[in-house]
Amino acid sequence: MTEQHQSYTDLSELSSMLDMVRWAVSQFNQAGLFYGHGTDNPWDEAVSLVLQKLHLPQTLPQQTGDQLFHARLTTAEKQGIADLVYERIEKRIPLAYLTNQAWFCGLPFYVDERVLVPRSPIAELIQQRFADWYDEDPGYILDMCTGSGCIAIALAYEFTNAQVDAIDISEDALAVAEVNIGEHALEHRVVPIISDLYSGVKGQKYDLIVSNPPYVDAEDMSDLPDEFHHEPELGLAAGHDGLDLVDVILREAPHQLTDDGWLFVEVGNSLVYMEDKYPGLNLQWVEFEQGGIGVFAISRASLTAYFSN
């Protein structure tokens, strides 16, 4: 810890995990950090930081958690937590990049600045097994713009008999996805493929296509908090209205879906442009219980009818 950091606080006045969390929250509030890379408030961010730095699980039974949060920490442990807090504040780097770990659908994933930090509301759809759209489990699944591979891997966990293709245009992103596929021992069912949208999987038919493509419009890109500038722009920016990739995804999906197949696409705030760009398209906007907007579902039949007119 630098002398400048030492002047911020006397760590000897802090003793427990709870003390460190409370102190970290105060530091975060004073610094005016932005949240949105796994947590959405300073308390959850501080708890996650402390647990990760101490190599403890992110979720603990209540009694165990209560006991641990009041346990005394060593001087080295407190200093390590404080250093990470200061790094988070001074560099405005998302916590997941500082620890190289993020969670999606309750599963851990390696992440670094080659990929976006997992945070899609599509997690809720996966955990619900797309129940409103499928009576039978999909057998062949495509995860388009896979990034870290978190969606593809979570799908493979949920649909244990499915084959999942994980495609991305970025070789750097696929390198991270391969790490995660290996960590979860899913090499036999999740296949990373370099592909510019559907180009690398032409002719393959899927029962389910899921895509969380870049969808940030030009105005939002110019206003992004500092934390987002550590993420690859390739995974965020999508032109004036954020829908640069959506037209190809929609138009070519009928050729990649089975007869009863469905396409799910996340467009975030760019949903406001969808109706003007695709008037009359039979999109089903997903309502999430756990928060999140801008994900639509559409059947192959609806896509075929719309684009054949």
Do the non-hydrogen side-chain atoms of [X] and [Y] ever get within less than 4.5 Å of each other?
X: Val179; Y: Phe109; result: no
X: Gln27; Y: Tyr86; result: yes
X: Val25; Y: Trp43; result: yes
X: Ile89; Y: Phe28; result: yes
X: Pro94; Y: His230; result: yes
X: Leu54; Y: Ile81; result: yes
X: Glu113; Y: Ile93; result: yes
X: Phe104; Y: Ile126; result: yes

Drop me the distance from [X]'s [atom1] to [Y]'s [atom2], to the nearest 0.5 angstrom.
X: Ser16; Y: Leu18; atom1: OG; atom2: CG; value: 5.0 Å
X: Glu87; Y: Leu95; atom1: CD; atom2: CG; value: 10.0 Å
X: Ile122; Y: Asn212; atom1: CD1; atom2: CG; value: 5.0 Å
X: Ile298; Y: Leu303; atom1: CD1; atom2: CG; value: 4.0 Å
X: Arg22; Y: Phe69; atom1: CZ; atom2: CZ; value: 14.0 Å
X: Asp196; Y: Ser170; atom1: CG; atom2: OG; value: 12.0 Å

Could you walk me through whether Lys202 and Glu252 pass the salt bridge (Lys or Arg N to Asp or Glu O under 4.0 Å) test, one step at a time? CA-CA 10 Å; Lys202 291 287 188 182; Glu252 296 189 12; 3.0 Å; yes
Charged N to carboxylate O under 4.0 angstrom, Glu227 versus Arg88?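 Yes.
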Can we call the ring centroids of Trp133 and Phe296 under 6.0 Å apart?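 No, the ring of Trp133 stays outside the 6.0 Å limit from the ring of Phe296, centre to centre.
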When the aromatic ring centroids of His37 and Tyr97 are compared, is their separation below 6.0 Å?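 No, the ring centres sit 6.0 Å or more apart.
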Under a 3.5 Å threshold, yes or no: a donor from one side chain and an acceptor from the other, between [X] and [Y]?
X: Asp207; Y: Thr258; answer: yes
X: Asp260; Y: Tyr134; answer: no
X: Tyr206; Y: Asp165; answer: yes
X: Ser302; Y: Asn282; answer: yes

Donor-acceptor pair, distance only, cut-off 3.5 Å: does the side chain of [X] make one with the backbone of [Y]?
X: Glu124; Y: Phe288; result: no
X: Arg92; Y: Asp226; result: no
X: Lys53; Y: Leu84; result: no
X: Asn180; Y: Ser148; result: yes
X: Asn100; Y: Asp112; result: no
X: Tyr306; Y: Pro279; result: yes

Single-linkage hydrophobic cluster Leu125~Met144, side-chain heavy atoms < 4.5 angstrom: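 Leu125 does not cluster with Met144.
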ILVMFWY network linking Leu243 to Val265, side-chain heavy atoms under 4.5 angstrom: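 They do share one cluster, since a chain of ILVMFWY contacts under 4.5 Å joins Leu243 to Val265.
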Write down the atom of [X], the atom of [Y], and the distance for their closest heavy-atom approach.
X: Val85; Y: Ala24; answer: CG2-CB, 3.9 Å
X: Ile153; Y: Leu186; answer: CG2-CD1, 3.7 Å
X: Gln256; Y: Gln204; answer: NE2-O, 2.8 Å
X: Tyr157; Y: Arg189; answer: N-NH2, 4.4 Å
X: Val115; Y: Gly147; answer: CG1-C, 3.8 Å
X: Gln58; Y: Gln52; answer: NE2-CG, 3.2 Å

If the plane angle is over 60° it's perpendicular, under 30° parallel, otherwise tilted; pick one for Phe264 and Trp262.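 It falls in the tilted class, 30° to 60°.
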